[in-house]
Colleague: 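Before I ask anything, let me first share the structure, which is written out below as structure tokens.
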Amino acid sequence: MTITSPAPGSTYDNSTGFTQLLPLAGTGLPAADDLVFTYDRGDGTLANGINVGTTHNPDGTFSVTANVGELLPGETTVDAVLTAVDATTRVVDPEVTATDYTIELAVAPNPAFPFRVDYPGVGTVVDTTTPVFTGVAAPNSTVTVTYSNKNLGNSVAGTATANPDGTFSVPTTFLDLARGSLGSGANVTQSNPAAQVGSLGVAFTFATAPVPAIAPTITATPDEVTVDEATTTGIAIAATGFSPGEEVRTVVTDSEGTVVDLADRALNYYADDTVGAYADTIVFADDVLADDYTITLTGVRSGIVQAVDVTVADEVVLLTPTPVITSPTEGQVVTGGTVTISGTGPVGTGIVLTVADSAFLDGTATETPAAGRFYITDLADPILVDAQGNWTVTVSLLPGAYATQAIAAELNADGSVNEAGAVSDFSNTVTFSLVAAAVAPPVVTPAAPVARPAGLAYTGSEASRGVVGAALLLLAGGGLLVAARRRRALTVDSAE
């Protein structure tokens with residue numbers, strides 16, 4: 001019985017595939033027999049390398065695969081004895097002489113230095129952002145640590161050469177992780193031309209992110225634009241906190257939550273590759289309406305969502321000069337049941353005046369003042385500014401402390417306030433007190449409702465709800481001007 005392949009005394013390249021398998025072919029084995037392959041593990045202990053039957057070919061040759069996986073670590077020499085046994089009875093065939101067979105393997109089926117990673121272990125929470133990987137690899141092999149980076153590719157964390165005794169120590173850095181990421185682990189590979197190439201995955205996390213997160217922020221500049229500006233120069237958006245290099249999607253919704261169209265845009269937009277900052281210019285489509293809008297940015301990979309509110313306003317001409325209340329003077333005490341309020345303003349405009357408790361005027365109080373303690377100009381019959389730029393009105397009020405403020409409004413041909421026209425900025429605010437006359441305090445009767453077009457009426461019992469009216473009632477900072485710029489309906493609802 002003779003083994004023809006691999007030839008006795010040769011070296012078999014087992015470096016690819018299963019390194020412990022040895023395919024044998026030969027002649028001289030009776031068809032009724034199986035081959036028994038007994039080999040020395042390397043310490044004098046014998047092991048059986050074949051546990052299946054032998055394939056016999058019509059030309060008298062045979063083939064079988066031996067498993068030499070019990071060779072000791074680092075052992076590459078196979079010393080075997082080949083014996084023929086009856087395939088049925090498993091009795092040694094006395095007609096076939098046992099044969100010695102020796103062959104050398106290119107690589108040890110069991111490496112002398114089994115590749116392993118000792119630190120970090122699977123599931124470890126690493127308490128440093130620059131861990132040193134340790135373990136065992138083939139002596140003089142190159143050990144490389146890689147990981148998935150912020151751009152969904154692979155980055156090298158570190159590399160080193162294994163010592164002659166097989167131990168290795170690889171200093172690492174993970175600076176290509178996304179900001180704030182605690183990672184998910186790494187792959188460790190060894191390479192050596194004289195040994196197998198191996199790879200081990202180690203799942204671990206960091207206690208502290210190697211690359212600190214940047215707090216998400218978003219700003220819109222400016223946060224209020226005209227319709228013309230919204231469709232031309234647009235609104236500049238600046239944001240931080242996204243994952244570096246990730247795609248960022250933009251959605252704009254109106255005050256009702258409906259998604260609105262933007263001017264033609266590129267298909268994809270991405271955050272900065274280094275720190276995850278994002279900059280964009282939002283230009284609305286030509287049919288944009290004056291409204292409040294929300295711009296929402298979403299990081300496709302990180303899931304980070306950031307939103308900012310902006311306003312698109314109709315263009316409004318601001319009337320000048322700004323009205324000035326000249327009488328009464330600040331802090332003046334007026335005696336009687338009426339007060340005459342005078343001032344200056346743009347020639348040919350109408351003055352819309354509000355008189356109320358100062359807490360109501362500055363928005364601190366929200367309840368409508370009682371009858372006789374509140375006045376607002378009827379939009380159908382505003383206070384006219386004469387050719388010299390002066391205006392005046394006498395108002396009946398109950399005794400008390402008051403504040404007053406005015407705006408000038410563009411007029412229609414009939415002298416009423418043009419509800420879609422231009423308005424001025426706010427006048428100065430004057431506070432004064434009204435005290436009863438010493439002899440006979442006047443009895444103040446609230447003015448009767450004044451009939452005027454489009455349901456414009458004021459009875460003194462309920463606040464107006466229109467732009468000029470409502471804004472003057474609230475008079476909270478620049479509320480009137482902002483409301484006017486957005487051009488809500490100026491109609492003042494009739495009181496019940």
Side-chain angles (χ1 to χ4, degrees), residues 318-330 332 334 337-363 368-369 371-386 388-398 400-412 415-419 421-434 444 446-447 449-450 452 456-481 483-484 490 492 495:
L318 189 65
L319 292 177
T320 56
T322 300
V324 176
I325 299 174
T326 58
S327 178
T329 58
E330 177 64 25
Q332 182 176 344
V334 180
T338 62
V339 60
T340 298
I341 304 174
S342 304
T344 61
V347 174
T349 65
I351 296 297
V352 181
L353 180 73
T354 299
V355 183
D357 180 272
S358 59
F360 183 77
L361 213 63
D362 66 17
T368 303
R373 298 189 180 279
F374 175 75
Y375 168 84
I376 184 171
T377 304
D378 185 344
L379 299 184
D381 187 21
I383 308 162
L384 299 180
V385 180
D386 64 22
Q388 287 72 46
N390 300 312
W391 56 269
T392 185
V393 65
T394 298
V395 178
S396 295
L397 296 168
L398 291 173
Y402 294 94
T404 183
Q405 192 175 39
I407 63 166
E410 186 179 353
L411 300 178
N412 295 313
S416 63
V417 169
N418 182 349
E419 299 179 21
V423 295
S424 73
D425 209 341
F426 289 104
S427 74
N428 57 317
T429 300
V430 175
T431 61
F432 64 93
S433 298
L434 185 66
V444 178
V450 178
R452 63 190 189 283
L456 300 179
Y458 174 68
T459 67
S461 61
E462 183 174 327
S464 163
R465 302 296 182 186
V467 171
V468 175
L472 277 171
L473 289 177
L474 296 177
L475 284 175
L480 167 62
L481 193 56
L490 294 181
V492 180

Colleague: Do you know which two heavy atoms are closest between A409 and V417, and how far apart they sit?
Modeller: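 Heavy atoms of A409 and V417 come nearest at CB-CG1, 3.8 Å.
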
Colleague: For the atom pair CD (E410) and OG (S424), what is the distance rounded to the nearest 0.5 Å?
Modeller: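 Separation between the atoms: 12.0 Å.
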
Colleague: Is there a side-chain contact between V430 and T329 in this structure, where contact means two heavy atoms from C-beta onward sitting under 4.5 Å apart?
Modeller: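 No, their side chains stay 4.5 Å or more apart.
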
Colleague: Are any of the side-chain heavy atoms of V355 and F432 separated by less than 4.5 Å?
Modeller: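 V355 vs F432: side chains touch.
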
Colleague: Identify the heavy atoms of T326 and G343 that sit nearest to each other, and give their distance.
Modeller: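 That closest heavy-atom pairing would be OG1-CA, 3.5 Å.
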
Colleague: Do T338 and V395 have side-chain heavy atoms sitting under 4.5 Å apart?
Modeller: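 No, side chains not in contact.
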
Colleague: Run the side-chain hydrogen bond (donor to acceptor under 3.5 Å, both in side chains) test on S342 and S327 for me, step by step, so that the C-alpha distance in whole Å, both residues' side-chain angles and the decisive distance to 0.1 Å come before the verdict.
Modeller: CA-CA 5 Å; S342 304; S327 178; 5.1 Å; no

Colleague: With a 3.5 Å distance limit and no angle check, can you tell me whether N412 reaches the backbone of G415 through a side-chain donor-acceptor pair?
Modeller: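 Flag not set: sc N412 to bb G415 has no pair under 3.5 Å.
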
Colleague: Drop me the distance from T322's OG1 to D425's CG, to the nearest 0.5 angstrom.
Modeller: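 If we round to the nearest 0.5 Å, T322:OG1 and D425:CG are 5.0 Å apart.
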
Colleague: Does Y375 reach the side chain of L353, with side-chain heavy atoms less than 4.5 Å apart?
Modeller: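 The answer is yes; the side chains approach within 4.5 Å.
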
Colleague: Looking at every heavy atom in both P382 and S416, which two are closest together, and how far apart are they?
Modeller: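 Shortest heavy-atom separation between P382 and S416 comes out as CD-CA, 4.1 Å.
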
Colleague: Taking C-beta and beyond as the side chain, do I407 and I351 meet within less than 4.5 Å on heavy atoms?
Modeller: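 Of all side-chain heavy-atom pairs linking I351 with I407, none is under 4.5 Å.
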
Colleague: May I have the step-by-step check of side chain to side chain contact (heavy atoms under 4.5 Å, CB included) for L397 and R373, ending in yes or no?
Modeller: CA-CA 6 Å; L397 296 168; R373 298 189 180 279; 5.8 Å; no

Colleague: May I ask you to test the P328-V339 pair for a side-chain heavy-atom distance under 4.5 Å?
Modeller: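 In short, these two side chains touch, coming nearer than 4.5 Å.
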
Colleague: Does the side chain of W391 come within less than 4.5 Å of T349's, by heavy atoms?
Modeller: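 A side-chain contact is absent here, since even the closest heavy-atom pair is not under 4.5 Å.
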
Colleague: Taking all non-hydrogen atoms of both residues, which atom of P346 and which atom of A408 are closest, and how far apart?
Modeller: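 Result for this residue pair: CD-CB, 3.6 Å.
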
Colleague: Quick one: do I341 and I325 satisfy side chain to side chain contact (heavy atoms under 4.5 Å, CB included)? Show the steps, please.
Modeller: CA-CA 7 Å; I341 304 174; I325 299 174; 4.0 Å; yes

Colleague: Show your working on side-chain hydrogen bond (donor to acceptor under 3.5 Å, both in side chains) between T340 and T394 and close with a plain yes or no.
Modeller: CA-CA 4 Å; T340 298; T394 298; 3.0 Å; yes

Colleague: Please report the shortest heavy-atom distance between S427 and P323, naming the atom on each side.
Modeller: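 Where S427 meets P323 most closely, the heavy atoms are CB-O, 3.1 Å.
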
Colleague: In Å, rounded to the nearest 0.5 Å, how long is the span from CG of L384 to CG of N390?
Modeller: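 Rounded to the nearest 0.5 Å, the CG-CG separation comes to 12.5 Å.
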
Colleague: In the structure I gave you, are the side-chain heavy atoms of L411 and N418 within less than 4.5 Å of one another anywhere?
Modeller: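 No; the side chains remain at least 4.5 Å from each other.
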
Colleague: I would like to know whether T354 and Q405 meet side-chain hydrogen bond (donor to acceptor under 3.5 Å, both in side chains); could you show each step before the answer?
Modeller: CA-CA 6 Å; T354 299; Q405 192 175 39; over 6 Å; no

Colleague: Looking at every non-hydrogen atom in both residues, tell me the closest pair between Y402 and G372 and how far apart they are.
Modeller: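 Distance-wise, the nearest heavy atoms are OH-O, 3.7 Å.
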
